Number of protein chains: 2
Amino acid sequence: MTSHLIRKLEQFTKLSSKDKHVLDQVSTEGLRQLGAREDIIREGERPQAVNLILSGWACRYKYLEDGRRQIIAFFLPGDLCDNHVFVLREMDHSIGTLTPVTIAQIPRQRIEEVSLHHSRITQALWWESLVNMAIQREWTVSLGQRDASERLAHLLCELFLRLRGVGLTDGDSCELPVKQAELADALGLSTVHVNRTLQELRAAKLIVLKGKMLTIPNLEALQDVAQFSPNYLHLDREGRHLDAND
Amino acid sequence: MTSHLIRKLEQFTKLSSKDKHVLDQVSTEGLRQLGAREDIIREGERPQAVNLILSGWACRYKYLEDGRRQIIAFFLPGDLCDNHVFVLREMDHSIGTLTPVTIAQIPRQRIEEVSLHHSRITQALWWESLVNMAIQREWTVSLGQRDASERLAHLLCELFLRLRGVGLTDGDSCELPVKQAELADALGLSTVHVNRTLQELRAAKLIVLKGKMLTIPNLEALQDVAQFSPNYLHLDREGRHLDAND
DNA sequence: TTGCTGCCTTAACATACGTTATTGTCCCGT
DNA sequence: ACGGGACAATAACGTATGTTAAGGCAGCAA
C-alpha cells in the first residue's frame with residue numbers, strides 16, 4: 001500500500017529494493033483511519049508527525065474569520081503532508097479529509113533516521129517537496145490570471161496527471177470524489193459558477209463527469225483550454241538517476 | 001551585508017558566532033549585480049545555484065502564452081531563492097528583479113557543505129523554507145477569497161512585517177519600490193483597480209503612500225481590514241532554540 | 001411506499017472588477 | 001527651459017462572476 005508513494009517517487013528516480021523496503025516499512029506503522037470530512041490536524045495544533053496518505057483524498061484548507069474557506073491543496077494517495085513541518089511550533093492551517101482516508105503517521109525521528117541512511121530517498125523526498133511547491137505556485141497563477149473555465153480545466157488536468165503518476169487512472173478516466181462545493185472552495189469560485197463551468201466543459205465535450213467518475217476523452221484539448229503545461233510537475237526522469245542497484 | 005539573512009534567521013533561532021561567520025562567508029562569494037527589470041534566471045533554464053538577495057527587490061513570475069503575467073512571490077533582502085532547486089532539471093518559472101539588485105550565488109556544493117557541518121543553520125534554513133511555503137499558501141487564500149482591498153491590505157501587511165524582520169523599516173514606514181502594474185500582477189487585479197483600491201485605503205487613512213515610501217499609521221487597523229493574522233509567518237521564537245553558545 | 005436530506009441544476013438579478021481611453025504629473029536628458 | 005517618456009489618476013462603460021432562490025433527482029431510513 002505504500003505502492004503509491006513508491007510509484008510516485010520512481011517517476012523521479014529509480015529506487016533500490018532496500019529503499020523500497022524501507023518505505024514499505026514506514027507506511028505500515030502508525031496507521032490511522034478517518035471518515036469523510038474529518039480533520040487530520042487543525043490550525044493552531046503542534047505538528048507531531050508527517051502524514052502519508054495511503055488511500056483516500058484529503059485537503060489543506062483555511063477559514064477566514066467570516067466563514068469563507070479556501071482549499072489550498074489536494075492530497076492524493078501517495079502524498080506526504082509536509083515533510084519537516086515539525087520545525088514549526090504550530091500549524092497555520094488545517095488538513096481534513098474529503099473521503100474516508102487511511103494515513104500512516106511517521107514520527108519525526110523516523111524521518112530523520114531514513115534521510116540519514118538513505119540518500120536516494122532523501123533526494124526523492126526533496127523532489128516531491130519541490131513539486132508540491134511548484135503545484136502551489138501554479139495555483140497562484142490560476143487564481144490570479146485564469147478565468148473560471150481555464151482554472152477548472154487546469155485543476156482537472158493536474159489531478160488527472162497526479163493520479164496517473166500513482167497508478168490511479170484507468171485509461172482516460174479517474175475518480176473525482178469531491179463535491180462541487182469543494183471544487184468551488186479550491187478554485188475561488190461560487191458553487192453556482194462551478195456548476196455553470198462544468199456544464200460548459202461538458203457541452204464542449206472536454207470532460208464527461210458522471211457521479212464521482214471523471215473521463216477526459218481528449219487530454220490535449222483540455223490542456224489547451226487551460227493553457228496547461230505539465231513542466232511544473234517535473235515528471236522528466238533523467239539518465240543520471242538510473243544507476244541504483246536493484 | 002548578509003546581516004539581513006542573519007537577522008531574519010535569528011527570528012527563529014539564536015545563531016552562534018561561528019554560524020554567523022559561515023553565513024557572512026557564503027554571502028561574499030559569487031556576487032552578481034543586476035539592474036532593475038532584469039532576469040536572474042528564466043523558465044526552462046537549469047538551476048545552478050541558490051541565489052541570496054543581498055539588496056533590492058526581486059520576484060518570481062510566470063507568463064501565460066497570451067501574455068498575462070502573474071507575480072508569484074516577492075523576494076526581499078535576506079531572502080533565498082529556492083534552497084535545493086538544483087534537484088530539479090529545469091526552472092518552471094522565472095525570477096526577475098524589480099529594482100537594482102545584488103545577489104550572492106551559492107553553488108550547490110557550498111550549500112551541502114554548510115548543511116552537513118552546521119545543523120543549526122540547516123534547521124534555520126528549513127524554517128525559512130517552511131515560512132516561504134506558508135506565504136505562498138496565504139497568497140492562495142488571498143487570491144481565492146479576499147476582495148481587492150483585503151488583498152492589497154494583506155500584501156502590504158506581509159511586506160511590512162517581512163521588511164521589519166530584516167531591519168528595513170523605519171518606525172511605521174518602509175520602502176515600496178514597485179509600480180502599481182507590478183502590484184496588479186501580484187494581486188491578480190488590473191492596474192486601474194489597484195489604483196482605485198489604493199485610493200480607497202488612502203481615503204480610509206489606512207496607508208500613506210508617496211513615491212516609493214509607504215507608511216502604515218495603524219498597523220492593527222490595516223490588519224483588520226485584511227483579516228491578516230501573522231501566525232503564518234511563524235515569528236514566535238521558542239525557548240528551546242536559545243541554547244547556542246555565542 | 002413515503003418522505004427526508006444532500007447534492008446538483010437552472011434562472012434572474014446584483015456587483016466587483018476589467019477595459020479602453022484621456023488627462024495629469026513628475027522626472028530626466030538635452 | 002523644454003520636450004518626451006514613464007507612471008499615476010479618473011471616468012465611462014462592459015462583463016465575468018456572485019447571490020438568492022427555487023426545483024429536481026438520487027439515496028436512504030422507517
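Fair warning: this is a prediction, and the values are worked out from it, not measured in the lab.
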Side chains of B:Arg7 and B:Glu10: closer than 4.5 Å at any heavy-atom pair?
no
Below 4.0 angstrom from OP1 or OP2 of C:dT9, is there any side-chain N or O of A:Arg202?
yes
Find the distance A:His193:NE2 to C:dC8:P and express it as a whole number of Å.
17 Å
So what does B:Gly188 touch, heavy atoms closer than 4.0 Å: a base, only the sugar-phosphate, or nothing?
sugar-phosphate
From NZ of B:Lys179 across to P of D:dA8 the rounded distance in Å is 8 Å
Among C:dC8, C:dA21, C:dC17, which nucleotide has an atom closest to any side-chain atom of B:Val192?
C:dA21
OP1 or OP2 of C:dT9 versus the side-chain N and O atoms of A:Gln180: is any pair under 4.0 Å?
yes
Whole-Å gap separating P (C:dC17) and CZ (B:Arg68)
18 Å
Kindly give the heavy-atom pair with the smallest separation between B:Leu214 and B:Leu176, and that separation in Å.
CB-CB, 4.2 Å
Take the protein atom CG of B:Leu187 and the nucleotide atom C1' of C:dG18, then report the distance between them rounded to whole Å.
15 Å
Salt bridge A:Arg68-B:Glu150, side-chain N to carboxylate O under 4.0 Å
yes
Counting distance only, does the side-chain N/O of A:Glu29 pair as donor-acceptor with the main-chain N or O of A:Ile106 below 3.5 Å?
no
Does C:dT9 have OP1 or OP2 under 4.0 Å away from a side-chain N or O of A:Asn195?
yes
Between C:dA11 (P) and A:Gln199 (CD): distance, integer Å
10 Å
Whole-Å distance, A:Leu176 CG to C:dC8 P, equals 10 Å
Rounded to the Å, how far apart are B:Leu189 CG and D:dA16 P?
17 Å
Rounded distance in Å - CZ (A:Arg196) to P (C:dA12):
12 Å
